[in-house]
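Here is the structure we will look at, set down as structure tokens.
Bear in mind that the values here come from a model prediction, so they are computed numbers and not experimental data. Chain naming here is simple, since letters A, B, ... match the order of the sequence lines and numbering starts at 1 in each.
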Amino acid sequence: MQIRKELEEILKEIGVKAPFIELEVPRVNSHGDISTPVAMMIARQVKKPPREIAEQISKHLCCLSAYERVEVAGPGFINIFFKPEYLYEQLKKLLISPEETLRMNIGNGQSIQIEFVSANPTGPLHLGHGRGAAVGAALSNLLEKAGYSVEREFYINDAGRQVWLLGESVFARYCETFGVDYPFPEEGYRGEYIKEIANELKEEVAEEYINRRYDEVAEFFIDYGVNRMLQWIRRDLEEFGVFFDRWQSEKTLYNEGIVQKCHEELRKKGYLYDKDGAVWFRATEFGDDKDRVVIKSDGSPTYFASDIAYHWYKLQRGFDQLVNIWGADHHGYIPRIKAVIKALGQSEEKLHILLVQMVNLLRAGRPVQMSKRAGEFITLREVIEEVGSDITKFIFLTRRPDSHLDFDIEVAKKESSENPVYYVQYAYARINSIFRNAEEELLKDLEKSDLTLLRQDEELTLIKKTLFYMIMFEGAVRELEPHRVTFYLQELAKLFHSFYTKHRVLGNKTELSRARLALCKAVFMVLREGLSILGVTAPEKM
RNA sequence: GCGCCUGUAGCUCAGUUGGACAGAGCGGAGGUCUCCGGAACCUCAGGUCGGAGGUUCGAAUCCUCUCAGGCGCACCA
């Protein structure tokens, strides 16, 4: 698939530079296999009517052997029809080297760090975290396959007030198990899991910490609580099929002097200043609404203090690009973090902040109330136990991240038995089943089979669809949109089921069967590749 | 009050840096199967793209205003 390159060259000959050449797969067959509006896009620049430019371009394209014909249509579309021979050739290429073909090298080894989930270690993960996890993991996989060197990182907020409260909550419950009265912190965490930790502690340390003041033993309780929470978080994520390369602790940023070093640098540049007994960051210099407090007048740092340092540290580590996946409730935070990046002398383009909208959890149309403090909520773990990981991920990945999402547990279970994930997985299982039924002889060296026997509409359509995976892939990478993969897979599965219903693979003349098996193999590889981006299993049987 | 996100078929959602008559799944109606897995396939019905202006060859997409829902506007995290 090198149409884009060819078009670029033609444009160069004509003396035009187009920033990005858009290729579309038209809905209507008569509009060609591939179509491009590029002539219309440059019409203004060249000051010629689009159709005239289109004619000129299409004349050049006509000479190339891959195309059967090239038409100019409508206001100036260039519609390209492939020669079947070209399709067979590309299909063969896919069969011979699936990895090289399906994994376009776009990133060229650039390093990119993706930070996601980063849930506070003060309670179990909920469904919103699950959405971030699914999106982050899929995006990571996508970029990795596109030739980026990806690091998946989880940032742990293990410093500050929230974990202080976690420790105190555990401490209170711990005292309680000995019948010792300690007032439960007003904003403490009231979930059952806190009691679980307290009971564990009772086993482990007996009454060692009884009758002490909390601030004397806080460190112990915080560490214990945080570690236990992280264990659970990690376990739940693993169960969900999401893994991280690195877990960065906020506390470590303090202990290793990273926060201090970063602040010194900013101070030197004049971007930190003192006012009213506090230390401020000059965010307004870089487009934020107001300057932001970094160290409060009581001497304690704000959350922002370490967040600045965290981003500084990421940049220090030399990534070419950074991606932060945040819950949409943090959107107000974007200008100040972008300001930090700029203050550190880096281009804000380096940092992509992807907002993932909130998830409303419903059961049969009725909202399920969620409140972490009160300890009433349904966890990610409970949802994946009831609904299943594949289904849950698939639901998250069939929506744009910034769309609001009502996740109805009952609907999720019902719908999935009738369609979305299983539909795609079923196509995969079907192909596997065909392979199981086929005689071994037939399956040998499929790339050498006579692909020109694939002449039926359904076959040609299916071949094109598998080849157009690359167009979808490129767009998904460019826009950081893994959900495009999900939609593509559904379309591919649909075309496969259609083909399967209409044409028999096995039991034909040997060569036709082999050609169709080859086609199945190609679909098989694309499905497997796509599902692996989504982190959804590709079952051989189901 | 200010800012961000969302509003597309009865429901859940896509719609490729503005492109050809607006798409899919579910639900509804009707059909397909002697055979590789029916968790399948095919057909039909169904939308003034929240509303009003504007920009242009061309708008679901961009701009302005407006309505509705969600979320933010701390020396909280």
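For the atom pair CD of A/Glu55 and NZ of A/Lys48, the computed distance is 12.5 Å after rounding to the nearest 0.5 Å. Between A/Leu462 atom CG and A/Glu459 atom CD the span is 8.5 Å, to the nearest 0.5 Å. Between A/Leu362 atom CG and A/Phe407 atom CZ the span is 10.0 Å, to the nearest 0.5 Å.
Between the side chain of A/Ser297 and the base of B/rC75, at least one donor-acceptor pair of N or O atoms lies under 3.5 Å. At a cut-off of 3.5 angstrom, counting only N and O atoms as typed in the model, there is no donor on one side facing an acceptor on the other between the side-chain of A/His330 and the base of B/rG72. Side-chain to base pairing of A/Arg161 with B/rC76: no donor and acceptor N or O lie closer than 3.5 Å to each other.
Minimum atom distance to the side chain of A/Asn437 is reached by B/rG37, of the listed B/rG37, B/rU6, B/rC42. Side-chain proximity of A/Lys296 to B/rC36, B/rC57, B/rC75: nearest is B/rC75. With B/rC36, B/rA77, B/rC42 as the choices, the nucleotide that has an atom nearest any side-chain atom of A/Ser498 turns out to be B/rC42. Distance from the side chain of A/Asp402 is smallest for B/rU6 among the nucleotides B/rU6, B/rA77, B/rC57. When distances are taken from the side chain of A/His404 to each of B/rG69, B/rA77, B/rA20, the shortest belongs to B/rG69. Nearest nucleotide to the A/Arg27 side chain, out of B/rC75, B/rU6, B/rG23: B/rG23. Side chain of A/Leu355, nearest nucleotide from B/rA77, B/rA24, B/rC4: B/rC4. When the nucleotides B/rA77, B/rU12, B/rC36 are ranked by their closest atom to the side chain of A/Arg399, B/rU12 comes out on top. Closest approach to the A/Glu22 side chain among B/rC4, B/rC36, B/rU16 is made by B/rU16 (side chain taken as heavy atoms from C-beta onward). Of the listed nucleotides (B/rA77, B/rG72, B/rC13), B/rG72 has the atom at the smallest distance from the side chain of A/Asp329.
Within the nucleic acid shown, A/Ser35 comes within 4.0 Å of at least one base atom, counting heavy atoms only. Looking at heavy-atom distances under 4.0 Å, A/Met542 makes contact with a base. Counting non-hydrogen atoms under 4.0 angstrom, A/Asp298 reaches nothing in the nucleic acid. Counting any heavy atom pair closer than 4.0 Å across all strands shown, A/Pro420 reaches no nucleic acid atom. Within 4.0 Å of A/Tyr426, counting heavy atoms only, lies at least one base atom of the nucleic acid. Note on A/Ala429: a base of the nucleic acid sits closer than 4.0 angstrom, heavy atoms only. A/Lys541 comes within 4.0 angstrom of a nucleotide base, judged by non-hydrogen atoms across all strands. Counting any heavy atom pair closer than 4.0 Å across all strands shown, A/Met40 reaches a base atom. Within 4.0 Å (heavy atoms only), A/Val28 reaches at least one base atom of the nucleic acid. Looking at heavy-atom distances under 4.0 Å, A/Ser433 makes contact with a base. Residue A/Phe304 is out of contact with every strand shown, counting any heavy-atom pair closer than 4.0 Å. Contacts of A/Ala476 with the nucleic acid, taken as non-hydrogen atoms under 4.0 Å apart, are absent. When heavy atoms are screened at a 4.0 angstrom cut-off, A/His483 is found touching the sugar-phosphate backbone but no base atom. Across all strands shown, A/Asn79 has heavy atoms under 4.0 Å from base atoms, whether or not it also approaches the sugar-phosphate.
For B/rA74, neither phosphate oxygen OP1 nor OP2 lies less than 4.0 angstrom from any side-chain nitrogen or oxygen of A/Arg292. A sub-4.0 Å separation between OP1 or OP2 of B/rG70 and a side-chain N or O of A/Ser403 is absent. For the pair A/Lys502 and B/rC35, the criterion of a side-chain N or O lying under 4.0 Å from OP1 or OP2 is not met.
Both the sub-6.0 Å distance and the 45° axial angle are not jointly satisfied by A/Arg131 relative to the ring of A/Phe396.
Closest approach of A/Tyr193 and A/Thr122 over heavy atoms only: OH-O, 2.7 Å.
When atom types are taken as modelled, the side chain of A/Asp158 and the backbone of A/Glu250 share a donor-acceptor pair closer than 3.5 angstrom. With hydrogens and angles ignored, the 3.5 Å screen pairs no side-chain donor or acceptor of A/Ser118 with any backbone N or O of A/Phe154.
Heavy atoms of other residues, nucleotides or ligands lying less than 6.0 angstrom from CG of A/Asn29 number 12 at most.
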All N/O contacts under 3.5 Å from nucleotides 27-32 of chain B to the protein, with atom names and distances to one decimal?
residue, atom, partner, partner atom, Å
B/rG27, OP1, A/Glu418, OE1, 3.1

Checklist entry - After noting the C-alpha distance and the side-chain angles of A/Glu458 and A/His503, does the key distance pass the side-chain hydrogen bond (donor to acceptor under 3.5 Å, both in side chains) rule? => result CA-CA 9 Å; A/Glu458 289 77 9; A/His503 305 288; 2.9 Å; yes
Item to check | Residues A/Arg400, A/Asp402; criterion salt bridge (Lys or Arg N to Asp or Glu O under 4.0 Å); working and verdict | outcome: CA-CA 5 Å; A/Arg400 287 198 334 278; A/Asp402 58 2; 3.2 Å; yes
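Both stacking criteria are satisfied for A/His31 over the base of B/rA20: a centre-to-centre distance under 5.5 angstrom and an angle between ring planes under 30 degrees.
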